[in-house]
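To start, the structure under review is shown below, and the notes come after it.
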Amino acid sequence: MSVLDDLAGGLVVSCQPLPDDPDDPMRDPYVQARVAAAVVHGGAVAVRINGPDDVRAVRAAVDVPVIGLYKHGTEDVFITPTPTHALEVAMAGADIVAVDATDRPRPDGRTFADTVEAIRERTDALVLADVSTTAEGAAAVEAGADAVATTLSGYTPASPPTDGPDLGLVARLAALLPVPVLAEGRYRTTEQIGRAFQAGAHAVVMGNAVTSPLWITRRLVPATPRAAGAPSKRE
């Protein structure tokens with residue numbers, strides 16, 4: 001029985017500080033471990049965690065599968081961009097390693113298949129391919145990915161940005177691929193979760209909408225009179 005079976009039909013929660021804000025107060029392994037423990041207590045079947053330090057802390061705090069990744073940089077391929085990053089995450093305790101499997105050039109000039117091979121040779125971790133298109137998903141499975149996620153849809157030149165999740169990509173990948181498909185990217189409501197499962201998702205991943213107070217607050221504050229420049233009642 002694969003660790004992927006533990007994810008079937010469930011909600012995976014991504015517990016990460018905002019990558020574009022170095023001052024995010026959530027940027028602390030202990031904090032992320034507590035957040036992970038809370039979402040698991042609430043029913044999450046797995047967690048998605050960034051960086052070896054956070055993976056190590058979360059692994060000690062929860063007993064569900066940990067999907068580990070390693071964000072390095074902020075542009076182009078930065079989700080677990082090299083075999084070295086992948087191995088660090090796996091050895092920190094990740095059951096599954098998420099890797100950018102888009103067709104964009106990687107910073108070390110190597111391929112997604114090279115990362116898969118490195119993980120296979122040195123660890124027992126499975127490989128989750130983060131993709132943005134159907135073609136990338138098919139190529140990732142050909143290269144040895146154990147599962148595919150729609151994480152990067154809307155974030156690459158090959159996939160136009162949308163406000164909500166790319167349910168069409170979920171449906172196409174689920175119909176085409178022989179491996180589990182995880183629906184990820186801009187999932188914010190229970191309705192969207194339900195639609196993803198109807199489209200054939202093996203599991204659904206939610207992140208900021210659940211675990212980032214900074215992200216949530218920034219989305220809510222613009223609705224207030226103060227944000228619009230209106231005087232408060234005390235003024």
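Starting from 1, each residue takes its place in the sequence as its number.
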#### Entry: Heavy-atom side-chain proximity of Trp215 to Met26 below 4.5 angstrom
no

### Query
Considering residues, nucleotides and ligands other than Asp124, do more than 12 of their heavy atoms fall under 6.0 Å from its CG?
no

#### Entry: Gap between atom CD1 of Ile119 and atom OG1 of Thr80 - 0.5 Å precision
7.5 Å

### Task
List the steps, then state whether side chain to side chain contact (heavy atoms under 4.5 Å, CB included) holds for Phe112 with Val127.
CA-CA 10 Å; Phe112 170 73; Val127 180; 3.9 Å; yes

### Task
Evaluate the side chain to side chain contact (heavy atoms under 4.5 Å, CB included) criterion for residues Leu128 and Thr151: first the C-alpha distance (whole Å), next the side-chain angles of each, then the deciding distance (0.1 Å), finally the verdict.
CA-CA 10 Å; Leu128 174 64; Thr151 315; 5.7 Å; no

### Query
Take atom CG in Asp163; do more than 12 heavy atoms of anything else shown fall under 6.0 Å from it?
no

### Query
Heavy atoms, side chains only, cut-off 4.5 Å: are Val64 and Asp6 in contact?
no

#### Entry: From CA spacing to verdict: side-chain hydrogen bond (donor to acceptor under 3.5 Å, both in side chains), Asp114, Thr111
CA-CA 5 Å; Asp114 291 330; Thr111 66; 3.2 Å; yes

### Message
Counting only heavy atoms from other residues, nucleotides and ligands, does the tally under 6.0 Å from CZ of Arg122 exceed 12?
### Response
no

#### Entry: For the student: nearest non-hydrogen atoms of Ile216 and Ala209, plus distance
CD1-O, 3.6 Å

### Task
Please say whether more than 12 non-hydrogen atoms of neighbouring residues, nucleotides or ligands are located less than 6.0 Å from CZ in Arg195.
no

### Task
Without swapping roles, check the side chain of Arg172 against the backbone of Ala175 for a donor-acceptor pair under 3.5 Å.
no

## Note on the structure
Closest non-hydrogen contact found for Arg104 with Leu152 is NH2-CD1, 4.1 Å

### Message
Is there a path of hydrophobic side-chain contacts, each under 4.5 Å between heavy atoms of I/L/V/M/F/W/Y residues, joining Val13 to Leu4?
### Response
no

### Heavy-atom check, side chain of Val131 versus side chain of Leu173, under 4.5 Å
yes

### Query
Rounded to the nearest 0.5 Å, how far apart are CG of Leu18 and CG of Leu214?
4.5 Å

### Query
Could you state the interatomic distance from OG (Ser14) to CD1 (Ile49), rounded to the nearest 0.5 Å?
6.5 Å

### Message
Please say yes or no: joined through hydrophobic side-chain contacts below 4.5 Å, possibly via intermediate residues, are Val204 and Val40 part of one cluster?
### Response
yes

### Query
Going only through I, L, V, M, F, W and Y residues with side-chain contacts under 4.5 Å, is there a path from Tyr70 to Ile79?
no

### Query
Yes or no on side chain to side chain contact (heavy atoms under 4.5 Å, CB included) for Val99 and Arg106, after CA distance, side-chain angles and deciding distance?
CA-CA 11 Å; Val99 181; Arg106 308 176 79 78; 3.4 Å; yes

### Query
How many angstroms lie between atom CZ of Arg188 and atom CE of Met206, to the nearest 0.5 angstrom?
9.0 Å

### Message
Restricting to non-hydrogen atoms, name the atom on Pro180 and the atom on His202 that form the minimum distance, rounded to 0.1 Å.
### Response
CB-CG, 3.5 Å

### Task
State, to 0.1 Å, how close Ala98 and Ile67 come at their nearest heavy-atom pair, and which atoms those are.
CB-CG2, 4.0 Å

### Task
Measure the acute angle between the ring planes of His72 and His85, then classify it against the limits of 30° and 60° as parallel, tilted or perpendicular.
tilted

### Query
Is it true that Ile96 and Val45 fall in one hydrophobic cluster, defined by side-chain heavy atoms closer than 4.5 Å?
yes

### Query
Hey, any chance Val89 and Val58 share a hydrophobic cluster, counting ILVMFWY side chains that come within less than 4.5 Å of each other, even indirectly?
yes

### Message
Could you measure the distance from the CZ atom of Arg219 to the OG atom of Ser212? Nearest 0.5 Å is fine.
### Response
11.0 Å

#### Entry: Heavy-atom side-chain proximity of Asp166 to Ser159 below 4.5 angstrom
no

### Message
If you apply the rule side chain to side chain contact (heavy atoms under 4.5 Å, CB included), what do you find for Leu126 with Asp95, and how did you get there?
### Response
CA-CA 6 Å; Leu126 301 181; Asp95 303 286; over 6 Å; no

### Query
How long is the span from the CD atom in Gln32 to the CG atom in Asp54, to the nearest 0.5 Å?
5.5 Å

### Query
Does Val170 reach the side chain of Ser153, with side-chain heavy atoms less than 4.5 Å apart?
no

### Query
Are any of the side-chain nitrogens in Arg27 or Asp53 under 4.0 Å away from the carboxylate oxygens of its partner?
no

## Note on the structure
Closest non-hydrogen contact found for Val47 with Cys15 is CG1-SG, 4.2 Å

### Task
Taking all heavy atoms of Leu167 and all of Ala199, pick out the closest pair and write down the distance.
O-CB, 4.1 Å

